[in-house]
Amino acid sequence: MKKFINAPEAVLAEALSGIAAAHPELKVDAENKVISRGDAGRRGKVALVSGGGSGHEPLHGGFVGLGMLDAACPGEVFTSPVPGQMLAAAQAVDGGAGVLFIVKNYTGDVLNFQMAAELAAEEGITVETVLVDDDVAVKDSTWTAGRRGTGATVFVEKIAGALAEQGAGLAAVAEMAKRVNAASRSFAVALTACTTPASGKPGFDLPEDEMEVGVGIHGEPGRRREKLRPAKEIVATALDAILTDQPLDTGDETIVMVNGLGGTPLIELYVVFNEVAAALADKGVVVARNLVGNYVTSLDMAGASLTVCRADADMLSLWDAPVNTPALRWGS
Amino acid sequence: MKKFINAPEAVLAEALSGIAAAHPELKVDAENKVISRGDAGRRGKVALVSGGGSGHEPLHGGFVGLGMLDAACPGEVFTSPVPGQMLAAAQAVDGGAGVLFIVKNYTGDVLNFQMAAELAAEEGITVETVLVDDDVAVKDSTWTAGRRGTGATVFVEKIAGALAEQGAGLAAVAEMAKRVNAASRSFAVALTACTTPASGKPGFDLPEDEMEVGVGIHGEPGRRREKLRPAKEIVATALDAILTDQPLDTGDETIVMVNGLGGTPLIELYVVFNEVAAALADKGVVVARNLVGNYVTSLDMAGASLTVCRADADMLSLWDAPVNTPALRWGS
Amino acid sequence: MTTSPVPTMNGDSVDTDRARTWVQAIAAAVDQHKDHLTQLDSAIGDADHGTNMHRGFSAATTAVAAMEPDTVGAALITAGTTLISTVGGASGPLYGGAFRAIGKALDTPTAGTQQLAAALAAGLASIQKLGAAAPGDKTMIDAYAPALAAFQQQAGAGADLAAAATAAADAAEVGMRSTTPMQARKGRASYLGARSIGHQDPGATSTALVFRALAETLGAR
Amino acid sequence: MTTSPVPTMNGDSVDTDRARTWVQAIAAAVDQHKDHLTQLDSAIGDADHGTNMHRGFSAATTAVAAMEPDTVGAALITAGTTLISTVGGASGPLYGGAFRAIGKALDTPTAGTQQLAAALAAGLASIQKLGAAAPGDKTMIDAYAPALAAFQQQAGAGADLAAAATAAADAAEVGMRSTTPMQARKGRASYLGARSIGHQDPGATSTALVFRALAETLGAR
Ligand SMILES: Nc1ncnc2c1ncn2[C@@H]1O[C@H](COP(=O)(O)OP(=O)(O)O)[C@@H](O)[C@H]1O
Ligand SMILES: Nc1ncnc2c1ncn2[C@@H]1O[C@H](COP(=O)(O)OP(=O)(O)O)[C@@H](O)[C@H]1O
Ligand SMILES: [Mg+2]
Ligand SMILES: [Mg+2]
Ligand SMILES: [Mg+2]
Ligand SMILES: [Mg+2]
C-alpha cells in the first residue's frame, strides 16, 4: 500500500487536524470528531448535519460553511460515524430551530443516525432526517437495503443548506431536501479498485481491459464487470440507467454533476461531461447548472459518477444562492 | 490503459468542448485551442496569458477568470502549445495595455512562447514574459535547462492576476509575477507513475514499497528512488529541500500549497498539510494562507507537491483579492 | 477456531466474571481474525469489518476491565454501549444493541442455561428489530439464529451451559458457512446482487467468533 | 533503418521534388518508429516525442503535397513552419526552426552537395541558437553535429549527394547511440540528473531518422 500517511489508525485524526489548520474559519472538535461552521449555533437557523465514513473527501467536511452544512461528522474510512459524534454535532449547531440529519442510505449510517436522533430528542433537540438514495445501479426494493446514497448528497446539502440560510423552518428544509433527493439519480463506473489504509490492498482486481459498472463509493465491486469502452458508450450506459428510472422531457431543466471518484484526471471528467452534455442536448434536456470535479470520492479509485437532478425553479435559485465552504464557493 | 476517453488523439479537443459546456462564462476557441474570459480584451487592463501541456488540470484553463488569467492555451498532453495558439490568445485578450506571458520553465514552453512573443510584437502587441522556475528538486545552473516551473504557477497567476485586475501597468504586473516566483519553492514526491493517453503505459515501474523523490509534473521519474516513508518524514525531506534553498525566519509569513498530482486522495493531502503546518510552526514560520487540493496535476499520478511562498503584505493582500475562476474562487 | 481447555468450575451458571471473560475472549478472537474479517468484507463490502470489530471489542474489553459489576448483564450492557460508541458502520449498532439486550436480560448475579437462552434470544430480537433482516439474507443472523436455536434446544433438553454453548458455536459455524451460497439482501453486500453469491458473510463470521468465545468461556473443551 | 533501393537519376543535385520526398520520407520513418520514440521519451522525458514528431510530419507532408514549389527550399520552409505550428514541445521549434533555416539556404531550383552542406549547417546553427545546447548534452545535436561533419567532409572530398548523405546518416546513427552513456544537461532529461545515463536520447533518435530519410531520398543503396 502506498499512501501519504503515518499509520492507518491515525489517518482520520491527522486529517482532521490538517483540516483545522487549513480552514481556520471552521471549528474542528478533535475529541468528538466534528467539523462545524465558525458561526454554528446561530439562533433561529435550522442546522444541517451530515456525516458518513471518511475517504469521500471533500464530502462532507468540505461542504461545511455558509449556505451548506452546519456540521459534518466523519467516521473512520468507509465506516459510519457513531451516534455520540452525531449527537455532539447536533448539540454544537442547534440554534433552537432544529437539526436536519442528511443521511446517505447505508445500513450503518441509517442505524447510527437513528440512534443519534433518539439521543438528540432526549436532549430536547428537534431532529428531522432525510435519507439520500440516488444510485440507480442498485435496485430499490422493500426487501433489500435499498438504493445507496451517492452524488445527490451534494445537491441535497447545497439546496437545503441555501434554504436554511434564508431562514426557512425545519419542516420546509427537510421537505426541500427530500424533493431534491427524489429528483436526483446517479450511476458510477470504476476502472480500478481503491485501497483503504486499514486493508492495504485494492478491494478487487480488475483486468487491464475491464471496468466495473454500477459501483458504489466504498470500494465494493459493481453490479457487473464489462469490457472497457469509449467514454461515449460509458456515458450512454450511465444515462440510460438514470433516464430509465426517471425519464426526462424536452425542456426539463437539470443540475448535472460529473464526479471523479478520486483517481480520475480532471481532463477525463471534462471528456465525460462533454458526452453527457451532448447526449442530454440530443434529448432536448437543458443542463442548467453543472459541477465537474472530485466531490464525492472513493479514496484513490479511478472512476466517475454521473448525477442528474431534475431541478425546478426553486431548486435552481437555491443552487445559485451564495455558498462558502472549502469545496464549493460562489456568490457573495 | 484505462481512461475515460474516446481516442487518445481526441482528448484535448473533447475536453475543451466539455470545458466550454461546463463553463458558459468562459469563451473557448476550439480552432485555436484558447480558453479566455468572457470579458477578455477589456480596454486598459493588462492581460495575463498562460499555457502549457495538458494533463495538469485545473492548470491553466481552470484559472481563467476574474482576478487571474485572461486566457490559457492548452497544448497536447504534456506538450507545450504552439506559438500560433499563444498568438491567438494574446490577440483575443489584449486590451491595449499589453500582455504578460506566464511560462513554466521547460525548454518547449520557453521556445514556443518566445516565438509567440516575436509574432505578437509583429502584430503590435506589447508582451512581457515571466518564467516560473520553483522546483528545487532540479539544480539551477546556467549550463542546464534550469529549474522546472510547477506549483508556484498558481501563486504567480493569482497574485499577478489580482494586480492586473486592479489596473496596474504591464511592467508592474510583470515585476510582481517575478517577485512571487522568486519567493516560491516547490518539491514533489510520487508514489506511482502516470499514464499518458498516447503512450498508454505508466512512465515507469515503481515497486510497492518505493517512491520517486523530486519528481516533476510530466510523469518523468524523480531525482532518486527511495523506500516509502511515513508522511511526516516525506514532508521533512520536501521542506528541507525547500528551506535549504530559501531559508525562512521566525515570523516570516507564507502561502503554502499542498497539491495533489491527480491520484492522491484529498484525505491524504490533509494528512500531509497537517505535517507541513506542524513543521513550519516549529520553526516559527507563519502559514498565512494555504491551498490543499489538486491544482497542478500530472494526470493520474499518485503524488503530492509542496510549494512555499514567502509572502509580503502586498502579496497577501493580492492573494485575498476576489478571484472567480472554475478552480479558484473567493471574494465578491 | 480451536478450542483450548478451560476449567469448568462453574458449569451451570454464568457469573459476573464470566460475562467479562466472554467479552475478553471475543476481543482476543477478533484480534486474531481481524485480517480475515476485513478480507471477507473486502470481497463483498467495504473492507472494514475486521477493523470495526477490533476497534469495538478492544474498547469494550478496556471498559469492562474497569468495572466491578453486580450483575451478569452489567458488563454486557457496558460492552454494548461501548460498541455503539466506538464501532460505527452497520455492525456497531447491531452488535451493540444485541449486547445491551442480552445484558438487560441478565440482571442477576448469576444466570443459568434457561436464562441465558432467553437473553441470547433478546439479542437476536434486537438485531432483527434494528436491521430488519431475515434468515437467508446473508447477514450475521444466519449464524446467530441457528446458534440460538441450538442453544435453546440444548437448554430445553437440560444440557449444561458448556454443552449448550458448544452446540451453539458449532451451529453458528455451520450457519456462517451457509452464507456462502446466499445472495445478500441486506447490508452492503446486497449492492452486488448475484455477485454476492460465493462469498462468506463477514458479519456471520464474526458472530461465529462470538459464540465460539462463549463456548470457550463457559468451559467447552 | 533499412535502406530500400531508389533510382539515382539525379545524383548530384537536389530538386524541388526531392525536397518534398525528403519530408515524406521522414514522415514515413516517424510513422514507423513512433512508438519507439515515445518509449525512449518515456524513460527520460514525458512520453510524447513519437506523437509530437508524428503530428508534425503528418501535417508537414500534407502541407508540402499541396505546393508547387519554385525552389528546393520552399517545401522545407513550409515543412518547418508547419512543424512550428503543429508540434509544440521542445522539438517543434527546434526542428521547425532548423527546417526553415535549411530551406532558406536552398532558394534555388536545384542544389548541389556544397550548397546542401551549407544549408544543413544553417539548420544546426538554428538549433543551437534556440536551444543553447552543446555536443555532449544528450540532445538531437549529438546526432546532428556528427552527421553534418560527415556530410561536409564527403562534400569537401567531392563525393556525390548520395554518398555524402549516406555518410551523414551513418554518422547520425553513431551519434544517436553515443547519447546513451551521456548525462543530459538540456531538455527534460536533464531533470533526471545522473539517472538520465543509460538511455538513448529520443531527439537524437529522430534526428537519425531525418538523416537516414535524406540518404534514402538522395538515392543511397
Ligand atoms: N440489516 C442487517 N441486519 C443484520 N446484519 C447486517 C445487516 N446489514 C449488515 N449486516 C451485517 O453487518 C456486516 C458488515 O459489518 P461492517 O462491515 O462492520 O459494517 P458496514 O457494512 O457498515 O461496513 C455484514 O457482513 C452483515 O453480516
Ligand atoms: N535545448 C535543446 N537543444 C537541443 N535539443 C533539445 C533541447 N532540449 C530538448 N531537446 C531535444 O528534444 C527532445 C525532446 O523532444 P520532445 O519530447 O518532442 O519535446 P519535450 O521535451 O518538450 O516533450 C530531446 O530528446 C532532445 O533531443
Ligand atoms: Mg463500513
Ligand atoms: Mg512534451
Ligand atoms: Mg464493512
Ligand atoms: Mg517529450
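Hydrogens, waters and symmetry mates play no part in the numbers below; they use all other heavy atoms, side chains included. Throughout, protein chains are lettered first and strands after them, A, B, ... in sequence-line order, and every chain is numbered starting at 1.
- Between chain A and the residues C:Asn52, C:Ile44, C:Ile84, C:Thr38, the largest count of heavy-atom pairs under 4.5 Å involves C:Ile84.
- Under a 3.5 Å cut-off, the side chain of A:Asn112 and the backbone N or O of C:Gly89 do form a donor-acceptor pair.
- Proximity to chain A (any heavy atom under 4.5 Å) is shown, for C:Ala134, by neither the backbone nor the side chain.
- A:Thr79 and C:Val87 get closest at one heavy-atom pair: CG2-O, 3.3 Å.
- In this structure, the separation between CG on C:Asp41 and NE2 on A:His218 is 11.0 Å, given to the nearest 0.5 Å.
- In this structure, A:Arg223 fails the cation-pi test against C:Tyr191, since its NZ or CZ atom is not both closer than 6.0 Å to the six-membered ring centre and inside 45 degrees of the ring normal.
- Interface remark: C:Thr51 contributes side-chain atoms only to the contact with chain A (heavy atom separation under 4.5 Å).
- Residue A:Asp205 does not touch chain C at all, counting heavy-atom pairs closer than 4.5 Å.
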Can you check side chain to side chain contact (heavy atoms under 4.5 Å, CB included) on C:Leu94 and A:Leu111, steps first, answer last?
-> CA-CA 8 Å; C:Leu94 292 172; A:Leu111 295 180; 3.8 Å; yes
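- At a 4.5 Å heavy-atom cutoff, C:Ser91 makes no contact with chain A through either its backbone or its side chain.
- For A:Glu128, there are no side chain to side chain donor-acceptor pair (under 3.5 Å) partners at least two apart in sequence or on another chain.
- Contact of A:Glu9 with chain C is not made at all, since no heavy-atom distance falls under 4.5 Å.
- Per-residue counts of heavy-atom pairs under 4.5 Å with chain C were compared for A:Gly52, A:Pro221, A:Gly75, A:Gly219; the largest is that of A:Pro221.
- Of the charged side-chain nitrogens involved, none lies within less than 4.0 Å of a carboxylate oxygen, so that A:Glu220 and C:Arg195 do not count as a salt-bridged pair.
- Between atom CZ of residue A:Arg147 and atom OG of residue C:Ser190 there is a gap of 13.0 Å, rounded to the nearest 0.5 Å.
- Counting heavy-atom pairs closer than 4.5 Å to chain C, the top residue among A:Arg148, A:Gln114, A:Glu76, A:Met115 is A:Arg148.
- If you measure heavy-atom distances from A:Phe204 to chain C, you find no contacts under 4.5 Å at all.
- Close approach to chain C, defined as a heavy atom under 4.5 Å from one of its heavy atoms, is seen in A:Thr196, A:Ala198, A:Ser199 of residues 190-200 of chain A, taken by number.
- Atom OG in C:Ser85 sits 10.5 Å away from atom CG in A:Leu119 (nearest 0.5 Å).
- Across all non-hydrogen atoms, the minimal contact from A:Phe78 to C:Arg188 is O-NH2, 4.2 Å.
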